[in-house]
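Quick notes on the structure that follows.
Letters A, B, ... are given to chains in the order of the sequence lines, protein chains preceding strands, and every chain is numbered from 1.
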Amino acid sequence: LVVDDDPVIRDMMMDILECEGYVPELARNGQEALRVLAGPANYLVFLDLMMPICSGKDLCEILATRPLIRQHHVLVLMSAMDHIAETYQLDVDMVMPKPFVVDDVAEALETYMH
Amino acid sequence: MSNAIWGEPKSTGDESYPLKLLKGLLQDMLKQTSIYGACLALYDKHSNQMVIRLHMRRGGYGERADELYLDENSSPPRPVLHRNTIKLADQPVALSDIPKEQPLEEERLIIVSTTREDALYSPGSTYSLGQDLIGICWRDSKAYTVNHEQLQQMRANANKPALQEPFAPSWHVAFPLKEMEQVDEDNERKNSQNRSLGVLVLYQLVPADFPASLLILVHQNVERINLYLQNDRLKRLQLRTRDHIKHLQRTSSSFPNTLKLSELVAEVYRFVTSTVDVSSMLLTLYDRDTKKLYDIFTVDRGKLIEGRTDKPIIIDPQDRPHWSQVMQKEKRTLLLSLDKNDQKERQAHEELLSEIWGPQASAETFLLIPMKMFTRVVGSLCITSQRPQAYSPLEILVLETLVQIITVALENAKLYERPRLALQQSKRREESLAATVSALQAISTVLDFEELLRKFVQIAARLAKAEMCSLFLLKADQTELVAQAIFDCTGQWIRRDGATDDNNDDHKELINMIRLPFKDSLLEELVKEGFFSLDSTHVEGILQTSGESGALFLKVLREMHMQKMLVIPLRYQVMDLIGIVVIHTSQQDRNFQPEEIGILMAISAQAASAIRNAQLFEQIQEANAELQRMDKVKDEFIITASHELRTPLSAVSGYSSLLKKESINERINPQKVLKYASKIVDSTRQLKELVENMTQAAKMGALDEKLELHLIPEQLLAATETANTVLNPIIAQHITIDIANDLWVNADSVRLREVMTNLLENASKYSPPYGRILIIAQPMLLSQLPVGRVNYNNLPHARDPEIIKVSVCDEGEGVSPDDAEKIFEKFVRAAHSLTTTVRGTGLGLFICRRFIEAMGGHLWLERSIPGRGSIFSFYLLRVPQFVEMRGQDGTEPEPEEAAGESSHPASESIGR
């Protein structure tokens, strides 16, 4: 699942994941993502930190209160280096600094999808 | 030594001749000759008469009980029986015939002591010059012989009673007694009369001529008497001199300690009176600093004129030309013998004789001694006596010495006094300086404006010792002086409005209500002075014309009984008037001293600087706050900008790495390459735009840098459609354009398109995809614009020009009223823009406004309702339609846009 408000990033993530052989689902914000995550499937979530309506941070905090949902998913937070400090308290599995290259995504997929 | 009392000259009490010696002489003479009687008259200088001092004759005829017999020891009268032994009277007078010892043993000599006027040569009787035998002998300085009848006649002429004696001498012979020439050391000053010491008179009962043989003997005796007298005189002189010297020594030794003028003067007075006969005395000092004469001590004919020492009479030396001539030019001692009949001499010295010590008409002798210090004359001592020839050369010498001593003492005293005064003065100055310095420190250390003013009025009032001090500052437009602070040590002002520290603001407001008109007022004229003072009538005059605020102040002043005020203009760097300080006092007769004013002016100057500094400090603080805000805005911007920059950067990074990886894996097809590459190009362009926007805005920030514009008539519709064409593929919303094609504005075509694009882009950004965007243009007159929307900087010459207002309406989220102006600032986006879906650096509106303003218009947010939409409007000056030319040119901008793909080539020209 790719969660980002910026369509350019969403498109790019989709292109990258498709190349890696996956078919991602997309969400524009935390709210939309939460709806997907509440479903039965397990996801590797590429979550943008800064988003309107419900940011990555907000989503993480919500998930922290819902361990039943949280346990089925792997969270990879996408954040600029200058916001890295904000991610320390968040319960995420990995932080991927922006801007990233394909190999960063591939590494995350390697780690969590196998 | 004489012990004269002021005013009433008294005959010398002590005998100024050696009586005992003279007695012996006469006795010897009588014994050696047959002369019946001898009488000695001596000159009395005080009465200027000859006085009979000694009269001796043989006994035997009509002795009286009150007459004394001359015995060896002046014993009481002997019995009469001795008298018959005196037989010499019958004997011939030839000296040679007289047996030397024998008759003398039998003789009894009588010292005549009767004071009867009808007695012959009674002791104490006086003879003035030319009067009687003695007077004539004195006058002519010649021996005279007269018979008894002649003598009687002389007495009758002199209005003396006829002689009543039991005997009648057959002749009298008078010899003048004269001073020896050779011992007369100061003969210059004396005339011949003065040299007469006395007259010796001999008489004989036996009717016979004066024997020539006797003459020799008499001459010898006369000489002896002369010698005796002179010797005695010299002895006395010596004694006196010794006394004088002692006195002078005592005086001089006591002076250096006597710094008080009054004591010094008293000492002079004592000394002079004990030395010589003085009827009047005047002590004058000359101060070379003030160039004035001070009469510090005056005795007028025995009467002391009180208080001169403390309050001397001050005279300009020019008013005493004669004094100045004698004292300061000639510098000599002036001794005048003033004959009552010699009016000429009196007139010559009239000035000296008729000074403040009273007319000295009765003075016979006048003495003026200069007080010389080196070559300067620092004063004079002037004395007169009612006796003629009152001052001998010796006495003058003594007085001159005395004067010299007191001169030195006075100069010393002055020398002591001067540093002492200087010390006192410098101490006072030091104190006032210390007060000033502490005041200045207090003032200059305060940067808080209000506190500074409060402190200043307090200090000023204290330094001026005034009850009240107020401070007015000039308003920026110079029309009024507004009270800023009032201090009154009586506390009435404070009590009056009940203000305390707690409600300082009320207090301050009340004070600020006091205003004085300044422009074109009397005050404006007056402040050109360094300071000025106004009395209550002036103050009322000014305040009554000052309207309500002045009346309020007047009321305050009246309540506090303030009478006078001293006004000191506050000037910054001497030039700029920033206000006035007013010192109020209730003392009507208070005169502000130059030193006080000097100090007040000094601290006022300092206060002016301090006030200005405080003002500047406030400004700086404000500017600083503004800077801090701007800094914060900039920080926010950097965060926003980095976020904005990062998105395309992430895309570039992601796609390029993807491209690379796929190429390595050789799984890529050309379609994908094209897709990825174009994504990279798009993102790069986005990045470029952002960076350009930022640099452009940053450049605009550089103060008032004129934008390079090419203002030409521009068709509004064409420009709008160009912008629409650019945006149409990018944005979701539909843009409706409602602009008549005959509307032309004066604009820079590139910039105008940029503004349009930006505004439409903004409208789209903040609107939902389904929202509508409307752009309309209305022609109108400048005066029809809402207030505050007119750009006054670039007004054309026409008074009310035609303009076109362009409005862009959207149905977006709107702008909160708080942000309505902020959004036009650099780097500012609406609050929490980071959390909105809208991208942007926050530079768009800032740049747009600058462009529009540069083109002579204005851009503003006309209306905004949160959640429902906003209307951004701008206006530009309308120009006539360029029908033919623009018809062709109207299509011209389009290729340019197509080539540049957007309006942004324009920014390149700005960038340069």
For chain B, the option from A/Asp103, A/Asp15, A/Ile16, A/Val105 that forms the most heavy-atom pairs under 4.5 Å: A/Asp15

Does any part of the side chain of B/Glu662, heavy atoms only, come nearer than 4.5 Å to the side chain of A/Cys19, both counted from C-beta? yes

So which part of B/Ser656 gets closer than 4.5 Å to some heavy atom of chain A, the side chain, the backbone, both or neither? neither

Heavy-atom cut-off 4.5 Å, strictly under: side chain, backbone, both or neither for B/Lys672 against chain A? side chain

How close do A/Ile9 and B/Ala651 get, counting heavy atoms only, and between which atoms? CD1-N, 4.2 Å

If I compare all heavy atoms of B/Gly654 with all of A/Val102, which pair ends up nearest, and what's the gap? O-CG2, 3.5 Å

For A/Arg70, look at atom CZ and say whether over 12 heavy atoms of other residues, nucleotides or ligands are found less than 6.0 Å away. yes

Decide if atom CZ of A/Arg28 counts as having more than 12 heavy atoms of other residues, nucleotides or ligands within a radius under 6.0 Å. no

Which region of A/Asp104, side chain (C-beta onward) or backbone (N, CA, C, O), has a non-hydrogen atom less than 4.5 Å from a non-hydrogen atom of chain B, or is it both or neither? neither

So CE of A/Met12 and OG of B/Ser657: to nearest 0.5 Å the spacing works out to 7.0 Å

